[in-house]
Amino acid sequence: MTHTIQPNNPETTPAPDATDLPATEAAPRPAPSSAVPAALKRRVPKYSDLAPLMQFKKPEFSRAAKLKRASTIWELRDMAKRRTPQAPFDYTDGAAEEEITLRRAREAFLDIEFRPGILRNVSTIDLTTNILGKPSRLPVGIAPTGFTRMMQSEGEYAGSQAAEAAGIPYTLSTMGTASIEDVAAAAPNGRNWFQLYLWTDRERSLELIERAAKAGNDTLMVTVDTAVAGARLRDVRNGMTIPPALTIKTVLDASYRPAWWFNFLTHEPLTFASLSRYTGTVADLINSMFDPTLTFEDLDWLRETWKGKLVVKGIQTVEDARKVVDHGADGIVLSNHGGRQLDRAPIPFHLLPEVSAALKADNSDAAIILDTGIMSGADIVAALALGADFTLIGRAYLYGLMAGGRAGVDRAIQILEKDMARTMALLGVSKISELTPDHVRLLSK
């Protein structure tokens with residue numbers, strides 16, 4: 001039964017006339033308007049009032065405490081910059097030429113408006129998803145990054161173990177500073193993917209493919225946007241070499257970051273997943289190894305050779321997205337290499353709705369993965385809403401790595417997970433499948 005409660009409106013309810021009341025029940029006179037409520041009268045505070053407020057904590061200056069206090073990826077970046085020499089930090093943080101592409105990629109996530117639904121049950125948020133035939137506890141994985149142990153000595157081992165603990169995929173780069181076998185051994189229960197640069201030497205490429213399969217990698221991610229090295233001007237200005245050279249500048253820089261140099265000098269020298277040693281600039285290494293003659297015929301060869309899931313990374317047009325799927329790709333990564341190759345390249349987040357619509361029109365079930373510019377869980381949710389099946393983070397996890405090794409990577413993933421759960425709850429969705437393009441509006445400038 002529904003009960004209707006009528007409000008008591010003092011403006012419409014007539015007050016009893018004082019003449020209608022007995023003399024002993026005459027209406028009391030109102031208190032003077034200048035009366036001060038008891039709660040606003042000043043008094044000497046009692047100890048019992050102060051005791052709950054006096055909860056002084058011992059200051060904590062440990063790295064673990066600082067990581068715990070970090071609540072955004074940007075705060076991890078600030079910690080990373082303080083702890084890491086300029087050359088390796090800039091290698092991670094920088095991009096090609098004037099870095100216009102990177103700025104635009106990050107601005108793309110800022111220039112949106114979320115459109116929340118209300119009165120939905122969001123008491124439980126489910127962030128699990130499926131990508132390339134297997135479950136992932138979160139809709140984000142770790143992207144392939146080169147020279148990772150140069151950023152911090154734990155490198156790929158920290159990244160792969162953090163991904164294993166989080167239940168998400170980890171991608172080892174051809175230019176990674178740990179071998180395929182060592183990463184597999186470090187995270188035996190993780191979902192490990194391998195990223196491949198096709199070299200002019202096909203035999204060496206084939207050897208890597210076979211090693212990846214033998215080590216249990218279920219997905220091969222071939223990167224196709226590196227015909228030549230991009231002009232990464234920060235690296236040029238810093239005289240960036242592999243391994244880092246001890247010059248007067250780097251020695252002075254080291255004086256402010258002794259922990260990094262101590263770790264670097266007291267661990268094994270940098271080795272690579274694909275070659276044992278290299279000495280020279282990053283650009284020279286890329287240009288000496290990568291094949292500028294690659295065509296779709298090479299993708300056909302790769303599809304015939306690799307029996308697992310095949311993903312093509314570096315897609316920047318709708319036409320190329322369709323073509324690589326036609327040539328057998330199980331998934332694509334919309335990516336401009338984090339802005340590190342062609343400056344003024346297309347922005348993956350802007351391209352996403354068109355690619356999603358095109359593949360749907362083709363009745364394709366190829367996975368759409370997005371990277372570049374992601375710095376928060378809200379960025380990830382926006383990408384999923386506009387058609388991405390999955391996302392990858394590069395810089396975001398490397399900032400955590402440089403800030404605190406394995407614990408820093410864990411913290412980066414925790415921050416993103418909390419961001420995603422909160423954003424979805426405020427949007428009124430409880431699982432990823434409920435996200436639609438209606439939840440995001442791209443703001444026009």
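Each residue takes its place number in the sequence, starting with 1. In this text, all values refer to a predicted model and were calculated from it rather than measured experimentally.
Side-chain atoms of D225 and R340, non-hydrogen and from C-beta on, never get closer than 4.5 Å to each other. Side-chain contact between Q195 and T223: present, with at least one pair of heavy atoms (C-beta onward) separated by less than 4.5 Å. By the 4.5 Å heavy-atom criterion applied to side chains, T305 and L206 are counted as neighbours. At least one side-chain heavy atom of L67 sits under 4.5 Å from a side-chain heavy atom of M79. By the 4.5 Å heavy-atom criterion applied to side chains, R115 and T436 are not counted as neighbours. The shortest distance between side-chain heavy atoms of T174 and F194 falls below 4.5 Å. Side-chain atoms of V311 and L132, non-hydrogen and from C-beta on, do get closer than 4.5 Å to each other. Put simply, the side chain of D371 reaches to within 4.5 Å of the side chain of K313, judged on heavy atoms.
The environment of CD in E113 is crowded: more than 12 heavy-atom neighbours from other residues, nucleotides or ligands sit within 6.0 Å. Around the CG atom of D362, the shell of radius 6.0 Å holds more than 12 heavy atoms that belong to other residues, nucleotides or ligands.
Without hydrogens or angle criteria, T171 side chain to I142 main chain gives a donor-acceptor distance under 3.5 Å. Put simply, the side chain of R137 never gets that close to the backbone of I168: no donor and acceptor are under 3.5 Å apart. Side-chain N or O atoms of E75 include one that pairs as donor or acceptor with a backbone N or O of S71 at under 3.5 Å. At distances below 3.5 Å, at least one donor-acceptor pair connects side-chain atoms of D379 with backbone N or O atoms of M375. Without hydrogens or angle criteria, E434 side chain to S430 main chain gives a donor-acceptor distance under 3.5 Å. Judged by distance alone, the side chain of S153 and the main-chain N or O of N263 form no donor-acceptor pair under 3.5 Å. Judged by distance alone, with hydrogens and angles left aside, the side-chain atoms of H439 form no donor-acceptor pair with the main-chain N or O of L435 at under 3.5 Å. Using a distance-only test at 3.5 Å, with no hydrogens or angles considered, a donor-acceptor pair links the side chain of E164 to the main chain of N189. A donor-acceptor pair is defined here as one N or O able to donate and one able to accept, closer than 3.5 Å; no such pair exists between the side chain of R83 and the backbone of M402. Remark: side-chain polar atoms of T423 are not paired, donor with acceptor, to backbone N or O of M420 under 3.5 angstrom.
Residues forming a ring-ring contact (aromatic ring centres under 6.0 Å, His included) with Y157 (at least two apart in sequence, or on another chain): none. Under the rule for a salt bridge (charged side-chain N to carboxylate O under 4.0 Å, His left out), the partners of E99 that lie at least two apart in sequence or sit in another chain are R234. Take H350 and apply the ring-ring contact (aromatic ring centres under 6.0 Å, His included) test, not counting sequence neighbours, and it matches no residue. A382 is linked by a side chain to side chain contact (heavy atoms under 4.5 Å, CB included) to I112, F114, F349, V440, counting only residues two or more places apart in sequence or in another chain. Residues forming a side chain to side chain contact (heavy atoms under 4.5 Å, CB included) with D298 (at least two apart in sequence, or on another chain): L198, R202, L294, T295. By the side chain to side chain contact (heavy atoms under 4.5 Å, CB included) test, A329 is found to be paired with V312, V324, residues two or more places apart in sequence or in another chain being considered.
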Table please: side-chain donor-acceptor pairs of residues 386-394 below 3.5 Å, with sequence neighbours left out.
| residue | atom | partner | partner atom | Å |
| --- | --- | --- | --- | --- |
| D389 | OD2 | I368 | N | 2.8 |
| T391 | OG1 | P139 | O | 2.9 |

Side-chain donor-acceptor pairs of residues 352-361 under 3.5 Å, sequence neighbours excluded:
none

Using residues 120-131 as the side-chain source, report each donor-acceptor pair under 3.5 Å to any protein atom, sequence neighbours left out, with the distance given to one decimal.
| residue | atom | partner | partner atom | Å |
| --- | --- | --- | --- | --- |
| R120 | NH1 | I118 | O | 2.6 |
| N121 | OD1 | S123 | N | 3.1 |
| N121 | OD1 | S123 | OG | 2.8 |
| D126 | OD1 | T128 | N | 3.0 |
| D126 | OD1 | T128 | OG1 | 2.6 |
| D126 | OD2 | T128 | OG1 | 3.3 |

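Using a 4.0 Å cut-off between charged nitrogen and carboxylate oxygen, E181 and R211 count as a salt-bridge pair. Salt bridge K309/D218: absent, no basic N to carboxylate O contact under 4.0 Å. Of the charged side-chain nitrogens involved, none lies within less than 4.0 Å of a carboxylate oxygen, so that D111 and R104 do not count as a salt-bridged pair. A salt bridge does not link R395 to D93: none of the charged nitrogens lies less than 4.0 Å from a carboxylate oxygen. With respect to the salt-bridge test (charged N to carboxylate O, under 4.0 angstrom), the residues R103 and E98 do not qualify. Salt bridge annotation for R82-D78: absent, with no cationic side-chain nitrogen under 4.0 angstrom from a carboxylate oxygen.
To the nearest 0.5 Å, atom CE of residue M150 and atom OG1 of residue T84 are 10.5 Å apart. Considering CG of D330 and OG of S364, their distance stands at 9.5 Å, rounded to 0.5 Å. The OG atom of S62 sits 10.0 Å away from the NZ atom of K68 when rounded to the nearest 0.5 Å.
Considering all non-hydrogen atoms of both residues, P348 and S335 come closest at CG-CA, 3.8 Å. The two residues Y91 and G146 make their nearest non-hydrogen contact at CE2-O, 3.9 Å. For the residue pair A345 and L342, the shortest heavy atom distance occurs at CB-O, 3.2 Å. Pairing each heavy atom of A412 with each of A396, the nearest pair is CB-O, 3.8 Å. Between N336 and P346, the shortest heavy-atom contact is ND2-O, 2.9 Å. In terms of heavy atoms, D410 sits closest to A162 at OD1-CB, 3.2 Å.
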Practice task
Could you give me the CA-CA distance, side-chain angles and deciding distance for S205 and Y197, then say whether side-chain hydrogen bond (donor to acceptor under 3.5 Å, both in side chains) is met?
Solution key: CA-CA 8 Å; S205 295; Y197 288 113; over 6 Å; no
Handout entry: Residues L427, V381; criterion side chain to side chain contact (heavy atoms under 4.5 Å, CB included); working and verdict
Key = CA-CA 10 Å; L427 282 175; V381 170; 3.8 Å; yes
Handout entry: Steps toward side-chain hydrogen bond (donor to acceptor under 3.5 Å, both in side chains) verdict (D343, T101)
Key = CA-CA 5 Å; D343 208 8; T101 299; 3.1 Å; yes
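Within the structure, the ring-ring contact (aromatic ring centres under 6.0 Å, His included) test picks out no pair touching residues 403-433 (sequence neighbours left out). Listed by first and then second residue, the ring-ring contact (aromatic ring centres under 6.0 Å, His included) pairs that reach into residues 312-335 are F296-H327, sequence neighbours excluded. Listed by first and then second residue, the ring-ring contact (aromatic ring centres under 6.0 Å, His included) pairs that reach into residues 355-382 come to none, sequence neighbours excluded.
If you run side-chain hydrogen bond (donor to acceptor under 3.5 Å, both in side chains) between T177 and each of E156, R149, E268, only E156 comes through.
At a cut-off of 3.5 Å, with distance as the only test, no side-chain donor of Q86 or R237 sits close to an acceptor on the other residue. D419 and S376 form no side-chain donor-acceptor contact under 3.5 Å, judged by distance and modelled atom types alone.
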